[in-house]
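See below for the structure under consideration.
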Amino acid sequence: MLDINFIRNNPDKVKQAIVLKHENAASIDQLLEVDAQRRSLIHTCEQLKNKRNEKSREVSELKKKGQDASIIIEETKKIGDEIKSYEEKIVGLESQINNLMLRIPNIPAADVPIGKDENDNVVVKSWGVRKTFDFTPLPHWELGSLLNILDLERSSKISGSGFILLKGLGAKLERALFSFMLDLHTSEHGYTELFPPFLVNRASMTGTGQLPKLEEDMYRTAVDDLFLIPTAEVPVTNIHRDEILSYKDLPLYYTAYTPCFRREAGSYGKDTRGIIRVHQFNKVELVKITKPETSYNELESLLGNAEKILQLLGLEYRVSKLCTGDMSFAAAKCYDIEIWAPGLGKYLEVSSCSNFEDFQARRINIRFRDENGKLRFVHTMNGSGLALPRTVIAFLETYQQKDGSVVIPNVLQSYMGGIKVIACK
RNA sequence: GGAGAGGUGGCUGAGUGGCUGAAAGCGACGGUUUGCUAAACCGUUGUAGGGACAAAAUCCCUACCCCGGGUUCGAAUCCCGGCCUCUCCGCCA
């Protein structure tokens, strides 16, 4: 959510930003109009309330003296009715304003490239050397069945397409990878490990921005109106909802492993083979809550923390700065990390590291008291560190050998119980 | 699931219809005193919205005692609904 005051004072800037993000700028004029109406009604209504309070005080005085107050009481009754009708109107306007505000996207940071879609993203870094094979590398789904570690036929029997059944060393590899990630982030990068709920309420989903826009993409439990989390970002960022932190508490670094649930509505037919796009996947998430002054430095180091995983695993990747048109609704600036999958012959996104500035903090109401005792909104940011299935894809495809077996690099061997190779059965 | 108790400011805790935005204490901040620390004493100590002002400082108003309704001239206080916490019982990994 943006600051309504900022919108009032800079309507053109906001409209421009909205256009860059492919949203509808007409809502701004509507918003400003409703906002003006609201303010004028509030003004009148509060004057009436003031009058009522005065009259009530008079009643109290008269009654203390034992005098009759019935005339004033009659008058005040009428004022009360008037107030009620104003209040109803105001409530209506406020819900309109709120609805509009929740649908206005964040404004891109100044150094974000202007562009239409993913083709206008700017690659800012490439890491690793493209591995060459003296055979044709297989895609992960073929390796998966060859090694008997991935069974997509049975998982679709159990749940449907878009679900994964890992078996044996495949399951162990999954566990090894997220354990490795968590250990690195906690012991080397200073994050506090969390294990949050996987079902969250509507307020939490609204706070981080999944609602109201993306409800179709979420799994929801009808009876209790709870949502399966699409990312750990939701429970973790909401930890401090409606709280006032001290500047001494900041920055906060949190990391959490959780499964993530996404309906992927509207992406049918895309990436259907293998485990590139699935409804349930594991992810280690990085979340930071910082002071505004440091947030862009913190974003860079968060990105570095995610990259470190790939560097240690020896997987080739590149980093792009997303252009205005490709950035998510809530982001002010965003980097994508894409990992090279030799079997697929393409890059796969494994992490989006975004700074939301105070956009989420405003929705979610996380403030801090700064060195001067002033209340200000914090900045929030997050990124995957990393998403598992695609890491597994690149891992299997990169470390495959001619016979289909997969070599486990040194860093991961202890997590795999000393196993050095996932061999064919 | 059944039966009770309760949710008040940063915290503890008083307040059952009328200057109560809210006693008292603690904490925090500022000051006096002091060689330093401590102690003592004095003072300050919420947030949001709206308005006045060119703007800031400032001032005025309104709202907020878990949330939402209701009763009333007037609600922290009474009534109804919801959420949450605690205790006991039952069930259960």
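Chain letters run A, B, ... following the sequence lines, proteins first and then strands; every chain starts at 1.
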Say we look at [N] and [M]: how far apart would their [atom1] atoms be, to the nearest angstrom?
{"N": "rU20(B)", "M": "rC64(B)", "atom1": "C1'", "result": "14 Å"}
{"N": "rC65(B)", "M": "rA75(B)", "atom1": "P", "result": "11 Å"}
{"N": "rG7(B)", "M": "rG90(B)", "atom1": "C1'", "result": "26 Å"}
{"N": "rG74(B)", "M": "rC88(B)", "atom1": "C1'", "result": "41 Å"}
{"N": "rG6(B)", "M": "rC79(B)", "atom1": "P", "result": "12 Å"}
{"N": "rC66(B)", "M": "rU77(B)", "atom1": "C1'", "result": "16 Å"}
{"N": "rG15(B)", "M": "rA22(B)", "atom1": "C1'", "result": "8 Å"}
{"N": "rU44(B)", "M": "rC36(B)", "atom1": "C1'", "result": "26 Å"}

> Which ones in residues 84-92 of chain A lie close to RNA chain B, meaning a heavy atom under 4.0 Å from one of its atoms?
Replying inline: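 The answer is Lys84(A).
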> Quick one, which residues of residues 222-230 of chain A touch RNA chain B with a heavy atom under 4.0 Å?
Replying inline: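 Per residue number, the list is empty: none.
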>> Per the ring-ring contact (aromatic ring centres under 6.0 Å, His included) rule, what does the pair list look like for residues 140-167 of chain A, sequence neighbours excluded?
In response: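 Every ring-ring contact (aromatic ring centres under 6.0 Å, His included) pair that includes a residue of residues 140-167 of chain A, provided the two are not neighbours, is Phe163(A)-His279(A).
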>> Applying ring-ring contact (aromatic ring centres under 6.0 Å, His included) as the test, list every pair that has at least one member in residues 229-250 of chain A; sequence neighbours left out.
In response: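 Found His240(A)-Tyr254(A).
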Answer with base, sugar-phosphate or nothing: what part of the nucleic acid does [X] contact at a heavy-atom distance below 4.0 Å?
{"X": "Lys55(A)", "value": "nothing"}
{"X": "Ile244(A)", "value": "nothing"}
{"X": "Lys63(A)", "value": "base"}
{"X": "Arg8(A)", "value": "sugar-phosphate"}
{"X": "Arg57(A)", "value": "nothing"}
{"X": "Thr76(A)", "value": "sugar-phosphate"}

Partner residues of [X] under the side chain to side chain donor-acceptor pair (under 3.5 Å) criterion, sequence neighbours left out:
{"X": "Asn355(A)", "answer": "Ser295(A)"}
{"X": "Gln16(A)", "answer": "none"}
{"X": "Tyr257(A)", "answer": "Asn282(A)"}

>> Show me the pairs that pass salt bridge (charged side-chain N to carboxylate O under 4.0 Å, His left out) and involve residues 197-218 of chain A, at least two apart or across chains.
In response: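 Counting only pairs at least two positions apart or across chains, the salt bridge (charged side-chain N to carboxylate O under 4.0 Å, His left out) contacts touching residues 197-218 of chain A are Glu23(A)-Lys213(A), Arg202(A)-Glu215(A), Arg202(A)-Asp225(A).
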>> Give me each pair satisfying salt bridge (charged side-chain N to carboxylate O under 4.0 Å, His left out) with a member in residues 53-71 of chain A, each pair once, sequence neighbours excluded.
In response: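 Salt bridge (charged side-chain N to carboxylate O under 4.0 Å, His left out) check on residues 53-71 of chain A returns Lys55(A)-Glu75(A).
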>> Do the side chains of Glu371(A) and Lys291(A) get close enough for a salt bridge, i.e. N-O under 4.0 angstrom?
In response: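 A salt bridge is present here (some side-chain N lies under 4.0 Å from a carboxylate O).
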> Between Lys116(A) and Asp326(A), is the closest basic N to carboxylate O distance under 4.0 Å?
Replying inline: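 So Asp326(A) does not pair with Lys116(A) through a salt bridge.
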> What residues, two or more places apart in sequence or in another chain, satisfy ring-ring contact (aromatic ring centres under 6.0 Å, His included) together with Tyr317(A)?
Replying inline: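 For Tyr317(A), the residues satisfying ring-ring contact (aromatic ring centres under 6.0 Å, His included) (neighbours in sequence not counted) are Trp127(A).
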> Residues two or more places apart in sequence or in another chain: which of them pass side chain to side chain contact (heavy atoms under 4.5 Å, CB included) with Ile90(A)?
Replying inline: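 For Ile90(A) the side chain to side chain contact (heavy atoms under 4.5 Å, CB included) partners, ignoring immediate neighbours, are Leu41(A), Ile42(A), Cys45(A), Glu94(A).
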> Looking at Phe261(A) versus Phe281(A), is the centre-to-centre ring distance below 6.0 Å?
Replying inline: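 Phe261(A) vs Phe281(A): aromatic centres not under 6.0 Å.
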>> Partner lookup for rU20(B), please. Criteria are Watson-Crick or G-U wobble with both distances under 3.5 angstrom; report none if nothing qualifies.
In response: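 Check on rU20(B): unpaired, no WC or wobble geometry under 3.5 Å.
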> chain A on RNA chain B: first and last contacting nucleotide, 5' to 3', under 4.0 Å to a heavy atom?
Replying inline: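 On RNA chain B, the outermost contacted nucleotides are rG18(B) to rG74(B).
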